[in-house]
There are 2 protein chains.
Amino acid sequence: MSPRRVTLADVAKIAGVSPTTASLVLSGRGRELRISQDVEQRVLKAAAELQYRPNIVSVGLRTGTTRTIGFISDTVATTRLAGDMIKGALEAARERGFMLFIGETEGDAELERLLLQAMHDRQVDGIILASMYTRTIKVPKGMATAPAVLLNALPKQPSPLPSVIPDEIEAGRVAARALLDAGHREGIHLIGAGPGRRNVPAGGSVAAVERLIGIREVLAEAGVKPAGGHVCPDWQPEYGLAVTRELLKKERPKALICFNDRVALGAYQALDDFGLEVPADVSVVSFDDHPIASWMRPQLTTVALPHYELGRKAVDVLFTEIGRDREDDGGEGEVHRVPMPIRPRESVASPAA
Amino acid sequence: MSPRRVTLADVAKIAGVSPTTASLVLSGRGRELRISQDVEQRVLKAAAELQYRPNIVSVGLRTGTTRTIGFISDTVATTRLAGDMIKGALEAARERGFMLFIGETEGDAELERLLLQAMHDRQVDGIILASMYTRTIKVPKGMATAPAVLLNALPKQPSPLPSVIPDEIEAGRVAARALLDAGHREGIHLIGAGPGRRNVPAGGSVAAVERLIGIREVLAEAGVKPAGGHVCPDWQPEYGLAVTRELLKKERPKALICFNDRVALGAYQALDDFGLEVPADVSVVSFDDHPIASWMRPQLTTVALPHYELGRKAVDVLFTEIGRDREDDGGEGEVHRVPMPIRPRESVASPAA
DNA sequence: TCGCACTGCTAATCCGATTTAGCAAACCTG
DNA sequence: CAGGTTTGCTAAATCGGATTAGCAGTGCGA
């Protein structure tokens, strides 16, 4: 049915040389090993004519390198953002001729172990262990035996593995600055966490902690105190709605910093319920740049999670790990922070006089 | 650094037998080939002790089967739904001990060719070619040489490849029935396509055509004529908003069938602008069950795209293709339709008196 | 006791590349 | 012109298993 693949032996036969010679030429070591111009040309020509492509499985067996990396995440499907992360990784990998295996653990450690095994059984050259929201994770043992990178995650225990995470602290600063720049000084409420350093949802979300740090830092520098902070058990629209409603029963805020766009969606609904207009009455900044941010009306100004860039960066870092000499003791668990750009839209204005 | 993998030879040595014998036992052919109980036990014990796992790369080279399938789609990231499709495929594959390579073409035929090559170079056992929205696609030549399945897509030219698509016609019927069952008979408007069979957006979207067929069929059977149909150039919120606004300037509809949830989001905004309440004044049904459907207020009743199930089904079908005897002439381009379940929520009610 | 069948296991080959070791011919060199 | 170098290429081993062919040893019938 399918015509047999062209092998190196076929090329060698057509070119009238041994497979060894063909291999040498095609791997670019012909010059170095004194293969004549003539033979080199013949091999190249034969390979081109037959459209020869080396069988990577065979190469993998011989050399141990499969031009393949494993991407294991806790969830693929939950957010559209996860897709961007994979996409970034995918493209960066493809640019180097690598393919991606993907696997999803759903947070199940046993499944994670199985996937790791399955990937090692297939001789992947490296592994990206990704979390779909930024947090600290327990690094499965045996991870350090092959090149690996944590993506959107930090190791719970000290680990030699490098991590790639969004720069949430800077994001917090940027969000706060957006309000300050618009002239806000008072009535700034935090929706989703705060106002104190410790007022964060349970679950070890790095985003909550770090965004809060950045926000508090910039506000403090400007001599501004947040008028209030409102923790949500989970950053979902319904909690954003509930928490903002409670707030509005007591106060008229001038600006909201919502800890993510879903929370902001709920906040919008609450503001609408109370007859308040965004941004005329209340400015809103948020985080994530979820697709709904640009569907909301008015469109939401938000600090974007750079998922695509995170994915790319993880691959870059993984390649330096792979390239690292196997002998030297490996890295120091370096943390790479990827900038989070703000997307200025329509939800921030100067405070009403 | 990393302790060398345990090989079959290691197991054989510990068990005191030849690699051949070990291989026979471990592949379950020991009984058949008259290996003694004693030896069998020794091999099994050694394998367990050493935690032996066969190197799939090696097996791949020898047997040509890598327990791997390739999943190529036009986009991974655009919609969260795509993720569900991959997830379904991923889980179905994993249940059989298979891994997934993923690749994204972005609609670029050249890239598609490259990815296909890269996957064949890695000896995948089969390929799933997926589209992120249901449509007809040009099947790349050379696809038929290996087991393959079209997912969420139909071949533009006749092809022996099987397809897996959502049952959009039935979905259209279900949506229409939801309104009829609530008692609607008049003022039913279609937002996104219709009212005529031909009034669909350009671009070869199967969804538009088939949903419309189902809707028209059920309405016709009930002797109901849609009060109007409103094509959108693209099914995005802004068009839903614009089109619905135009409609509301002229008429007071009783019910809307929106062709997807993003369009419905726009329609909600328009209804809100005109002071109309869902579902008291106007009922709304939609398609897709995008995450926003349950975030909207009132929550949107919608006929779900079964992305997860589509992914699973594609893998199932692919496995029957792989299992199919290589000699027989292959399938007939069978089309597998996956049911689309309705998610009844809050946006449909009986028409106001 | 010879021949044959059966039992229980192993040697050897193969998959498709890479890589090491080495060989024959041409070329110097003193 | 013998002996050493260089040039240009190839045989053979290797990666880790699967598979085919076949080899000892035992039992049994004639």
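Proteins get letters first, then strands, A, B, ... in listed order; numbering begins at 1 in each.
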Student: For the pair A:T63 (side chain) and A:V59 (backbone), establish whether a donor and an acceptor sit closer than 3.5 Å, ignoring hydrogens and angles.
Tutor: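 Yes, A:T63 side chain to A:V59 backbone: donor-acceptor pair under 3.5 Å.
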Student: I'd like to know if the side chain of A:D74 and the backbone of A:E106 have a donor-acceptor N/O pair within less than 3.5 Å.
Tutor: no
Student: Mapping B:P19 and A:G16 onto DNA chain D by nearest heavy atom, which one lands closer to the 5' end?
Tutor: A:G16
Student: Does B:T21 reach a base, just sugar-phosphate, or nothing at all? Heavy atoms under 4.0 Å.
Tutor: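 Here B:T21 touches the bases of the nucleic acid.
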Student: Please work out if B:L8 contacts a base, only the sugar-phosphate, or nothing of the nucleic acid, heavy-atom cut-off 4.0 Å.
Tutor: sugar-phosphate
Student: Among D:dT10, C:dG16, D:dG17, which nucleotide has an atom closest to any side-chain atom of A:T20?
Tutor: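 For the A:T20 side chain, the nearest candidate turns out to be D:dT10.
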Student: Any chance CD of A:Q51 has more than 12 other-residue heavy atoms, nucleotides or ligands included, within less than 6.0 Å?
Tutor: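 Count not over threshold, so no.
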Student: Could you tell me how far apart B:L24 (CG) and D:dG17 (C1') are, to the nearest whole angstrom?
Tutor: 12 Å
Student: Is B:S27 close enough to D:dA18 that one of its side-chain N or O atoms is under 4.0 Å from OP1 or OP2 there?
Tutor: no
Student: Under 3.5 Å between N/O atoms: give me all the protein pairs with nucleotides 23-28 of chain D, atom names plus distance.
Tutor:
none

Student: Heavy atoms, side chains only, cut-off 4.5 Å: are B:L310 and B:P166 in contact?
Tutor: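 Heavy-atom side-chain distance check passes, below 4.5 Å.
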Student: Tell me: CZ of A:R31 to C1' of D:dC9, nearest whole Å?
Tutor: 15 Å
Student: Starting at CZ of B:R5 and ending at P of D:dG16, how long is that distance when rounded to a whole Å?
Tutor: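 These atoms are roughly 9 Å apart.
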Student: Using a 4.0 Å heavy-atom cut-off, does B:S23 contact any base of the nucleic acid, only the sugar-phosphate backbone, or nothing at all?
Tutor: base
Student: Counting distance alone, no hydrogens or angles: does the base of D:dA18 have a donor or acceptor under 3.5 Å from a partner atom on the side chain of B:R62?
Tutor: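 It does, because a donor-acceptor pair links the side chain of B:R62 to the base of D:dA18 below 3.5 Å.
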Student: Distance-only criterion, 3.5 Å: show the donor-acceptor pairs between side-chain atoms of residues 313-320 of chain A and protein atoms not counting sequence neighbours.
Tutor:
| residue | atom | partner | partner atom | Å |
| --- | --- | --- | --- | --- |
| A:D316 | OD1 | A:R96 | NH2 | 2.8 |
| A:T320 | OG1 | A:V317 | O | 3.0 |

Student: Please report the distance, rounded to the nearest Å, between CZ in A:R29 and C1' in C:dT19.
Tutor: 7 Å
Student: Quick one: on DNA chain C, does B:S18 or A:V59 contact a more 5' nucleotide (nearest heavy atom)?
Tutor: B:S18
Student: From CG of A:D10 over to P of C:dA17, roughly how many Å is that when rounded to an integer?
Tutor: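 Rounded to the whole Å, the gap is 8 Å.
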Student: Looking at the side chain of A:I35, which of C:dG16, C:dT19, D:dC9 is the nearest nucleotide?
Tutor: D:dC9
Student: Let me know the distance between CZ of B:R122 and P of C:dA17, rounded to the nearest Å.
Tutor: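 That distance rounds to 14 Å.
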Student: Look at all strands and tell whether B:V17 reaches a base, only sugar-phosphate, or nothing, counting heavy atoms closer than 4.0 Å.
Tutor: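 The answer is sugar-phosphate, as B:V17 gets under 4.0 Å only of primed atoms, P, OP1 or OP2.
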Student: Give the rounded distance in Å between these two atoms: CG of B:L26 and C1' of D:dA18.
Tutor: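 Going from CG in B:L26 over to C1' in D:dA18 covers 12 Å.
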Student: Does A:Y52 place a side-chain N or O at less than 4.0 Å from the phosphate oxygens OP1/OP2 of C:dA17?
Tutor: yes
Student: Quick check: do B:T68 and B:Q123 have side-chain heavy atoms less than 4.5 Å from each other?
Tutor: no
Student: Give a yes/no answer on whether the side chain of A:S36 brings an N or O atom under 4.0 Å of OP1 or OP2 in D:dC9.
Tutor: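 For A:S36, the contact criterion (side-chain N or O under 4.0 Å from OP1 or OP2 of D:dC9) is met.
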Student: If we ignore angles and hydrogens, is there a donor and acceptor under 3.5 Å between the side chains of A:S18 and A:T21?
Tutor: yes
Student: Whole-Å distance between D:dG16 C1' and B:L50 CG?
Tutor: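 B:L50 atom CG is separated from D:dG16 atom C1' by 15 Å.
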Student: With no hydrogens and no angle check, is any side-chain donor or acceptor of A:D125 less than 3.5 Å from a backbone partner on A:T66?
Tutor: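 Here the side-chain-to-backbone pair exists.
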Student: Once you apply a heavy-atom cut-off of 4.0 Å, does B:V39 come out as touching a base, just sugar-phosphate, or nothing?
Tutor: sugar-phosphate
